[in-house]
Amino acid sequence: MTTDTVTDVFEEHRPVLLGVAYRMLGRVADAEDVVQDAWLRWSGANRSGVREPRAYLVRVTTRLAIDRLRRIKASGETYVGPWLPEPYVTDFGDTAPDTAERAVLADSVSLAVLVVLETLSPLERAVFVLREAFGYPYADIAAMLDRGEPAVRQLAGRARKHVEERRPRYAVDPVQRRDLTERFLAAAADGDLEGLLELLAPDVRLVGDSGGKSRAPLRVLESADHVGRFLLGAARKSVPDLSLRFLEVNGGPAVLVLADGRPDSVFQLDVADGRVQTVYVVRNPDKLRSLAALD
């Protein structure tokens with residue numbers, strides 16, 4: 001391959017590689033680092049025997065992500081307050097050619113699912129991502145991970161059972177979520193507690209991620225009354241030059257809150273039966289850096 005061809009082939013598959021790495025790590029910066037490492041491996045490798053570049057690159061990226069995830073887990077760092085994945089602006093592009101596949105990809109990158117994936121072992125997580133999100137056959141996954149196919153099937157079954165038991169069952173309707181999000185914001189901005197409570201499920205949960213670096217609850221808030229009063233209190237606080245922007249994050253509609261032109265927080269709602277079931281709030285400034293570059 002010429003240098004231009006080597007680069008073109010890698011760039012063609014970059015969105016898939018970033019998708020794999022992000023689902024493995026839940027961190028945009030770490031995923032980008034892994035993809036950059038994969039590029040270095042690809043550009044410096046003897047590619048004469050590579051018949052399927054995409055499979056080769058996914059294999060390299062997955063292994064690098066497993067190694068990085070193991071190092072993160074081994075570091076033993078404690079996170080202050082609830083943990084949420086770094087918001088990931090989703091644009092599946094050519095990786096999701098039809099509606100059904102787009103729905104699968106969106107579900108596999110949702111905040112709720114990624115929180116559950118954090119509880120899997122690195123190998124379980126890799127098998128789950130490759131199988132459930134990208135549809136790789138067990139034999140291909142076994143080759144990528146240098147494991148026997150029976151072992152991979154066992155890992156997949158264990159991971160799938162774990163995820164199915166723990167992830168919430170919410171029907172994903174982007175139009176309804178967007179509409180409810182707009183009504184939710186309007187009620188909070190107007191200080192309308194009654195209107196806000198009408199939108200919240202009785203057992204609604206608010207999960208705030210600050211990492212101890214900004215103001216957010218250090219535990220999960222539960223019940224419509226607690227969540228509603230917290231949101232109204234937050235809405236009353238004076239924020240300089242506040243503006244809102246709708247965007248698609250982790251496969252669903254979300255709101256980016258800008259303060260003085262800089263990312264302050266990201267809100268996203270999980271919705272079922274016409275009511276808000278979960279409110280996700282990401283305020284850790286380290287997890288908002290990638291959003292600063294948005295136009």
Side-chain angles (χ1 to χ4, degrees), residues 80-87 90 106-107 109-116 165-259 263-285 287-288 291:
V80 178
W83 179 93
L84 288 172
E86 184 175 346
T90 40
D107 181 63
V109 81
S110 71
L111 296 180
V113 168
L114 289 174
V115 168
V116 178
E165 288 176 348
R166 289 164 176 80
R167 72 174 167 188
R169 296 291 182 181
Y170 301 141
V172 179
D173 182 342
V175 174
Q176 185 186 48
R177 287 176 78 181
R178 171 67 182 251
D179 175 66
L180 205 56
T181 299
E182 291 178 346
R183 292 161 58 198
F184 170 90
L185 290 172
D190 292 343
D192 181 4
L193 179 60
E194 183 177 342
L196 195 58
L197 292 178
E198 289 179 358
L199 302 176
L200 301 176
D203 57 349
V204 64
R205 301 166 70 247
L206 183 144
V207 185
D209 179 335
S210 69
K213 299 180 180 181
S214 60
R215 293 179 63 86
L218 294 179
R219 59 181 180 81
V220 176
L221 300 184
E222 299 181 338
S223 85
D225 185 64
H226 286 151
V227 170
R229 292 184 185 280
F230 169 81
L231 290 169
L232 288 189
R236 292 192 188 104
K237 296 185 183 300
S238 176
V239 180
D241 192 20
L242 180 69
S243 60
L244 305 178
R245 175 176 175 180
F246 277 90
L247 68 168
E248 182 178 294
V249 166
N250 293 80
V255 177
L256 171 62
V257 179
L258 299 162
D264 174 84
S265 53
V266 169
F267 282 78
Q268 189 173 65
L269 310 179
D270 271 343
V271 174
D273 302 323
R275 286 192 162 188
V276 177
Q277 307 293 325
T278 309
V279 181
Y280 297 107
V281 185
V282 180
R283 297 210 67 221
N284 184 337
K287 295 185 177 182
L288 301 175
L291 302 178

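A quick note: this is a predicted structure, and the numbers were derived from the prediction, not measured. Note that the numbering runs from 1 along the sequence shown for the chain.
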Requested in this report: Identify, with sequence neighbours excluded, every residue that meets side-chain contact (heavy atoms from CB on, under 4.5 Å) alongside Ser210.
Outcome: Ser214, Ala216, Leu218

Report summary line: Minimal heavy-atom distance between Leu84 and Val282, with the atoms involved, is CD1-CG2, 3.9 Å

Requested in this report: Keeping to residues at least two apart or across chains, list the salt bridge (charged side-chain N to carboxylate O under 4.0 Å, His left out) pairs with something in residues 185-194.
Outcome: none

Report summary line: All heavy atoms of Arg245 vs all of Leu247, minimum pair found to be O-CD2, 3.5 Å

Query raised in the report: side-chain contact (heavy atoms from CB on, under 4.5 Å) between Val175 and Asp179: does it pass, once the steps are laid out?
Result: CA-CA 6 Å; Val175 174; Asp179 175 66; 5.5 Å; no

Query raised in the report: Stepwise, does the side-chain contact (heavy atoms from CB on, under 4.5 Å) test hold for Gln277 with Asp203?
Result: CA-CA 7 Å; Gln277 307 293 325; Asp203 57 349; 4.1 Å; yes

Query raised in the report: Could you state the interatomic distance from NZ (Lys287) to NZ (Lys213), rounded to the nearest 0.5 Å?
Result: 9.5 Å

Requested in this report: Find out whether Leu269 and Tyr280 are in side-chain contact, i.e. whether some heavy atom of one side chain is under 4.5 Å from a heavy atom of the other.
Outcome: no

Requested in this report: Taking all heavy atoms of Leu221 and all of His226, pick out the closest pair and write down the distance.
Outcome: CD1-O, 4.4 Å

Query - Close side-chain approach of Leu185 and Thr181, heavy atoms under 4.5 Å - result: yes

Report summary line: For Arg283 and Asp264, the nearest pair of non-hydrogen atoms, with its separation, is NH2-OD1, 2.8 Å

Query raised in the report: Minimum heavy-atom separation for Val207 to Pro82, with atom names?
Result: CG1-CB, 3.8 Å

Query raised in the report: Should the heavy atoms of other residues, nucleotides or ligands under 6.0 Å from CZ of Arg215 be counted, would the total exceed 12?
Result: no

Report task. Indicate yes or no for a side-chain donor-acceptor contact from Asp209 to the backbone of Trp83 under 3.5 Å, with no hydrogens or angles considered. Result -> no

Report task. May I have the step-by-step check of side-chain contact (heavy atoms from CB on, under 4.5 Å) for Leu206 and Leu231, ending in yes or no? Result -> CA-CA 9 Å; Leu206 183 144; Leu231 290 169; 3.7 Å; yes

Query raised in the report: Is the count of non-hydrogen atoms from other residues, nucleotides or ligands lying under 6.0 Å from Asp273 atom CG greater than 12?
Result: no

Query raised in the report: Can we say Arg177 and Asp270 salt-bridge, meaning some charged N sits less than 4.0 Å from an Asp/Glu carboxylate O?
Result: yes

Query - Taking every non-hydrogen atom, the tightest pair across Leu288 and Pro87 - result: CD2-CG, 4.5 Å

Query raised in the report: Between the side chain of Gln268 and the main-chain N/O of Val249, is any donor-acceptor distance below 3.5 Å?
Result: yes

Query - Leu111 CG to Glu86 CD distance, which is reported to the nearest 0.5 Å - result: 11.5 Å

Query raised in the report: Taking the side chain as C-beta and beyond, is there a heavy-atom pair between Phe267 and Leu244 under 4.5 Å?
Result: no

Query - Arg275 atom CZ: more than 12 heavy-atom contacts under 6.0 Å - result: yes

**Report entry** Sequence-distant partners of Leu258, side-chain contact (heavy atoms from CB on, under 4.5 Å), two or more places apart
**Finding:** Ser243, Leu256, Pro263

Query raised in the report: Can Val257 and Val266 be said to form a side-chain contact (heavy atoms from CB on, under 4.5 Å), step by step?
Result: CA-CA 6 Å; Val257 179; Val266 169; over 6 Å; no

